[in-house]
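None of the values given here were measured: they were computed from a predicted structure.
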Amino acid sequence: PDSPVFFEIKRRLNNCIMKQRGGVRQESVPLLLKGFLPQPEHLLSKAPNQLVALHNFCNLAQKIHAKPKVHIFYMREAYVSDDDQVRVTIDRKVYGEANLGYSIKTEMHSPALSFPNQVILELKFTNRFPDWFRELVRIFGVMQCGAAKYCEAVQGIGFAKLEAKDPVLMEEVKFSRS
């Protein structure tokens, strides 16, 4: 059976990441990436928020003329609390490769490595920042900073391979201790 595919919009609001996502069947991906709106037979779930997320993704993609550009791969270790209020992920070996087509693929031929010799630790929580997160950050001297896998991959691949008209601009990196 085909693996599910999730279309996702992430937005930052202050220090909070807002996320909308909706799942579809794999065979529906090329249609949605080409600008077709999702239909009930494309969906994994009949939950209204899934359809809303997919419509929002498709409308936003059409508005900004988005097209497939990059395939991202990384090794993830994930831990989730029983009540799904706390999630910890550890990402390693982040790779990116140009993928300008409308199909999903798993193989990579000449990927660019992002974050070499680094581990990306994400501490995610739903309501209240857990005290043990604070203690973990303090004991291990963890630094809060951005780790945008897609943006790093784009930088590593280069604008020519992505058929971009202009080079990708570097943003100033801002680190803060929490």
Side-chain angles (χ1 to χ4, degrees), residues 4-23 33 49 53 56-57 60-61 63-100 104-178:
V5 175
F6 292 90
F7 285 68
E8 187 171 272
I9 300 171
K10 282 186 177 180
R11 291 188 171 112
R12 177 181 296 278
L13 181 61
N14 296 323
N15 222 12
C16 200
I17 303 295
M18 311 301 282
K19 181 164 59 171
Q20 283 186 305
R21 80 183 216 166
L33 290 178
N49 64 327
N56 288 344
F57 181 97
L60 182 59
K63 181 178 177 181
I64 65 172
H65 307 288
K67 291 182 175 38
K69 290 288 181 186
V70 178
H71 171 199
I72 304 292
F73 167 86
Y74 49 93
M75 301 293 294
R76 171 165 279 181
E77 205 174 321
Y79 303 91
V80 181
S81 65
D82 291 338
D83 61 1
D84 198 35
Q85 296 293 301
V86 176
R87 294 163 310 285
V88 175
T89 59
I90 301 168
D91 297 341
R92 297 178 177 89
K93 298 180 181 175
V94 180
Y95 289 95
E97 183 174 70
N99 182 12
L100 306 176
I104 294 177
K105 62 180 190 162
T106 55
E107 72 280 351
M108 295 180 115
H109 300 288
S110 58
L113 176 64
S114 301
F115 308 103
N117 303 315
Q118 291 180 314
V119 173
I120 301 168
L121 170 70
E122 291 184 64
L123 306 174
K124 307 168 192 180
F125 59 96
T126 301
N127 292 317
R128 191 182 69 78
F129 186 78
D131 290 333
W132 67 270
F133 272 14
R134 191 176 335 285
E135 194 65 9
L136 182 134
V137 167
R138 186 185 66 76
I139 289 172
F140 292 103
V142 176
M143 188 180 352
Q144 179 182 348
C145 64
K149 297 173 193 83
Y150 178 82
C151 295
E152 285 291 319
V154 166
Q155 284 296 129
I157 295 164
F159 76 101
K161 287 184 182 174
L162 298 174
E163 297 180 4
K165 294 179 180 126
D166 298 306
V168 179
L169 300 176
M170 291 290 290
E171 286 188 37
E172 182 182 333
V173 178
K174 296 180 184 167
F175 297 103
S176 67
R177 281 211 169 283
S178 299

_For Phe129 and Arg134: C-alpha separation, side-chain torsions, deciding distance, then whether side chain to side chain contact (heavy atoms under 4.5 Å, CB included) applies._
CA-CA 8 Å; Phe129 186 78; Arg134 191 176 335 285; 3.5 Å; yes
What are the two closest heavy atoms between [X] and [Y], and how far apart are they?
| X | Y | result |
| --- | --- | --- |
| Ile157 | Gly96 | CD1-C, 3.6 Å |
| Phe133 | Arg87 | CZ-O, 4.1 Å |
| Ala98 | Leu162 | CB-CD2, 3.7 Å |
| Leu123 | Val137 | CD1-CG2, 3.9 Å |
| Val70 | Ala153 | CG1-CB, 4.0 Å |
| Ile72 | Lys149 | CD1-O, 3.9 Å |

*Does the pair Glu77/Lys93 count as a salt bridge with the N-to-O cut at 4.0 Å?*
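No, this pair does not count.
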*Which of these, Leu60, Asn56, Asn49, sits in a side chain to side chain contact (heavy atoms under 4.5 Å, CB included) with Gln20?*
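Among the candidates, only Asn56 passes.
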Kindly indicate whether the side chain of [X], heavy atoms from C-beta on, has any atom under 4.5 Å from the side chain of [Y].
| X | Y | value |
| --- | --- | --- |
| Ile104 | Val5 | yes |
| Leu13 | Arg11 | no |
| Val88 | Leu121 | yes |
| Lys19 | Ile9 | no |
| Gln85 | Phe125 | no |
| Phe73 | Thr106 | no |
| Met18 | Lys10 | no |
| Arg92 | Tyr74 | no |

_Just by distance, no angles: are the side chains of Tyr95 and Glu97 close enough, under 3.5 Å, to form a donor-acceptor pair?_
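No, because no side-chain N or O of Tyr95 sits under 3.5 Å from a partner of the opposite role on Glu97.
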*Could you tell me whether Lys63 atom NZ has more than 12 heavy atoms of other residues or ligands within 6.0 Å of it?*
no
*Mark yes when over 12 heavy atoms from residues, nucleotides or ligands other than Lys161 sit less than 6.0 Å from its NZ; otherwise mark no.*
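No, because the 6.0 Å sphere around NZ of Lys161 holds 12 heavy atoms or fewer from other groups.
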*asked:* To the closest 0.5 Å, what do you measure between CD (Gln118) and CG (Asp91)?
replied: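 The distance works out to 12.5 Å.
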*Interatomic distance, Leu33 atom CG to Phe7 atom CZ [nearest 0.5 angstrom]*: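 Here the interatomic distance stands at 4.5 Å.
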*Kindly determine whether Leu113 and Val94 satisfy side chain to side chain contact (heavy atoms under 4.5 Å, CB included), including the steps that lead there.*
CA-CA 6 Å; Leu113 176 64; Val94 180; 5.6 Å; no
*asked:* Under the criterion side chain to side chain contact (heavy atoms under 4.5 Å, CB included), I'd like the reasoning laid out for Lys69 against Tyr150: C-alpha separation, chi angles, the key distance, then a yes or no.
replied: CA-CA 10 Å; Lys69 290 288 181 186; Tyr150 178 82; 3.8 Å; yes
_Worked verdict on Thr89 versus Lys124 for side chain to side chain contact (heavy atoms under 4.5 Å, CB included)_ = CA-CA 8 Å; Thr89 59; Lys124 307 168 192 180; 3.6 Å; yes
